[in-house]
Amino acid sequence: MIDWTGYLPLILQGAWVTAQLTVYGCALAFAVAFAAGLGRLSRHGIVRALASVYIEFFRGTSIFVQLFWVYFVLPLFGLTLTPLEAGVLALGLNVGAYAAEVVRGAILTVPKEQYEACTALNLTRRQSLRHIVLPQAFVVMLPTFGNNAIELLKGTAVVSLISLADLTFQAQVVRAQTGSTAFPFLSILLIYFLFALLISLATRGLERRLARGLDGARA
Amino acid sequence: MDWDWSFVWEILPALLQGVVITIKATILGTALALVLGLVFALLRRSRRRAVAVPVASLVEFVRGTPLLVQLYFLFYVLPDLGILLPPLGAGVIGFGVHYATYMSEVYRAGIDNVARGQWEAAKACNLTTAQTWRHIILPQAIPPMIPALANYFVAMFKETPLLSAITVLELMNQARSVANFNYRYLEPMTLVGAFFLAISLVSVAGLRMLERRYGRLN
């Protein structure tokens, strides 16, 4: 029996990298999702077209290919990224494209009367979006955002293939050094699962809090 | 770095070999996922808690962990237990089981969508449970599911590059090896991206058609 307790710190280091990737990736995805989702609903044709091209492109190609493209091809154009930056960029843009559709869909679920009421109250477009539409749409977005975040978490495993020392990478290191397979892979499966559980509990909690006072307005 | 067409023609045959493997893996994986997904969905509805609860936990666990790690698990851990799978076999099983958990949710939604009265009517007509499923429930439940299931087919297709991590020589792996061999990444990587984009744009058009034909599952 190989003593694998010595390898636990390595796995935990990997968990830290995975957590960082997930948090930064989600932050980028969140920003991009709102930019592209609102862009698709813009009055200006050019903005709508740009947002659509971005969304279709990133949803249409594989995350794996995007990551390799960012990491191996961008340097040829003079933009060299560290593996962490490349990972955050690829994951954020990929998941952001999916989440942009969620933003768009949720905004469309806000009933028409709400917009009419905004006009009647003489709110500007920006004011009605900020104070009326988004607070209601956001609650609708949250559960799907939770799923998107879990997708992103699972996507981080792919980053190990561009030599970033995340959980999956460290498990491979442990396998290579000890020849033991069950311990590293079972333990990282468990850690991923715990992370996913954490995300879904957090979104559920947030959803309950934000839904307060919005009863009846929810789709 | 400039785009070199002669290099593109040179590497195209190798990439096409990869395409064949990619398509093969996707089709086999989808077939497995379609069957297993239905099995998961039916077992989860079982009245026996000893069956329903473990299946539900398994589905949640598989859905909450990365496919890549599951592939590694199949490829590296199972041989230690005496089960030696070829790379493509491990890949197909990994994809099949992973996507079956997603598809089981589609089946569940589709089955729940069939009105309760249909069950009652089947009982009133003295049909057995098996007859009810076969002749009443599934024929109504399956058509609205088709677009959602096709959606997962496309999603799986886009995830097949993961197979390169367990040494399957699919498109991505072929592209990477020609890129490493020639030390030119621009053309192979871009071709892979273009190929996936082309296939997925075509399949999105196909999906829209399916949605129009069969309607959309809520």
Side-chain angles (χ1 to χ4, degrees), chain A residues 18 56-78 94 98 147 150-161 166-169 171-172 174-176 179-200, chain B residues 1-3 22 57 60-81 98 102 154-165 170-173 175-176 179-180 184-204:
Chain A
T18 293
E56 291 304 329
F57 181 79
F58 278 88
R59 292 200 325 164
T61 53
S62 141
I63 170 76
F64 200 90
V65 181
Q66 288 158 20
L67 185 70
F68 271 67
W69 215 84
V70 166
Y71 191 62
F72 290 110
V73 178
L74 280 189
L76 303 177
F77 297 107
N94 180 275
Y98 286 93
N147 287 342
I150 293 176
E151 287 301 321
L152 193 143
L153 164 72
K154 294 195 294 179
T156 60
V158 172
V159 175
S160 65
L161 301 173
D166 76 326
L167 265 176
T168 309
F169 186 88
Q172 287 282 39
V174 175
R175 182 184 67 82
S180 138
T181 51
F183 157 71
F185 287 120
L186 279 178
S187 57
I188 68 167
L189 275 174
L190 216 65
I191 295 175
Y192 277 117
F193 185 60
L194 287 179
F195 279 175
L197 217 57
L198 207 67
I199 293 173
S200 70
Chain B
M1 190 156 212
D2 294 318
W3 184 264
T22 292
S57 327
E60 289 307 315
F61 188 77
V62 172
R63 268 161 58 104
T65 52
L67 178 56
L68 176 63
V69 182
Q70 291 161 10
L71 291 177
Y72 279 153
F73 187 84
L74 289 172
F75 193 62
Y76 291 118
V77 180
L78 288 189
D80 282 0
L81 306 173
H98 192 84
Y102 290 106
V154 180
M156 189 188 296
F157 179 75
K158 285 187 298 182
E159 271 201 283
T160 51
L162 282 181
L163 291 172
S164 66
E170 46 63 75
L171 178 59
M172 187 72 189
N173 213 353
R176 208 155 26 140
N180 288 336
R184 275 187 79 94
Y185 291 91
L186 179 64
E187 292 87 355
M189 293 300 159
T190 309
L191 281 179
V192 173
F195 171 76
F196 276 100
L197 189 63
I199 293 274
S200 78
L201 287 181
V202 170
S203 37
V204 165

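Heavy atoms only: backbone and side chains are in, while hydrogens, waters and symmetry mates are out. In what follows, chains are A, B, ... by sequence order, proteins preceding strands, each numbered from 1.
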> Can you check whether A:F185 and B:F73 have ring centres sitting under 6.0 Å from each other?
Replying inline: no

> For the rings on A:Y98 and A:F58, is their centre-to-centre separation under 6.0 Å?
Replying inline: no

Report the option among [options] that has the most heavy-atom pairs separated by less than 4.5 Å from atoms of chain A.
options	value
B:A179, B:P66, B:P79	B:P66
B:Y76, B:F196, B:F157	B:Y76
B:L78, B:V69, B:L81, B:I199	B:V69

Under 4.5 Å heavy-atom distance to chain A, tell me which part of [X] shows up: side chain, backbone, both or neither.
X	value
B:M189	both
B:T190	both
B:L197	both

Between chain B and each of [options], count heavy-atom pairs under 4.5 Å; write down the option with the most.
options	result
A:V65, A:L186, A:L161	A:V65
A:G60, A:A196, A:A157	A:G60
A:F57, A:F72, A:F68	A:F68

>> Apply side-chain contact (heavy atoms from CB on, under 4.5 Å) to residues A:T18 and A:Y192 and explain how you reach the verdict.
In response: CA-CA 9 Å; A:T18 293; A:Y192 277 117; 3.9 Å; yes

To the closest 0.5 Å, what do you measure between [atom1] ([X]) and [atom2] ([Y])?
X	Y	atom1	atom2	answer
B:N173	B:T160	CG	OG1	11.5 Å
B:L71	A:T168	CG	OG1	11.0 Å
A:S180	B:D80	OG	CG	8.0 Å

Checking [X] against chain B: side chain, backbone, both or neither under 4.5 Å from a heavy atom?
X	result
A:E151	side chain
A:S160	side chain
A:V158	both
A:L189	both

>> Applying side-chain contact (heavy atoms from CB on, under 4.5 Å) to B:V77 and B:Y72, what does each step give before you reach the verdict?
In response: CA-CA 8 Å; B:V77 180; B:Y72 279 153; over 6 Å; no

>> Checking B:T65 against B:Q70 for the side-chain contact (heavy atoms from CB on, under 4.5 Å) test, could you report, in this order, the C-alpha distance in whole Å, the side-chain angles of both residues, the deciding distance, and whether it holds?
In response: CA-CA 8 Å; B:T65 52; B:Q70 291 161 10; 2.7 Å; yes

>> As a quick check of understanding, evaluate side-chain contact (heavy atoms from CB on, under 4.5 Å) for B:R63 and B:Y102, giving each step before the final call.
In response: CA-CA 7 Å; B:R63 268 161 58 104; B:Y102 290 106; 3.9 Å; yes

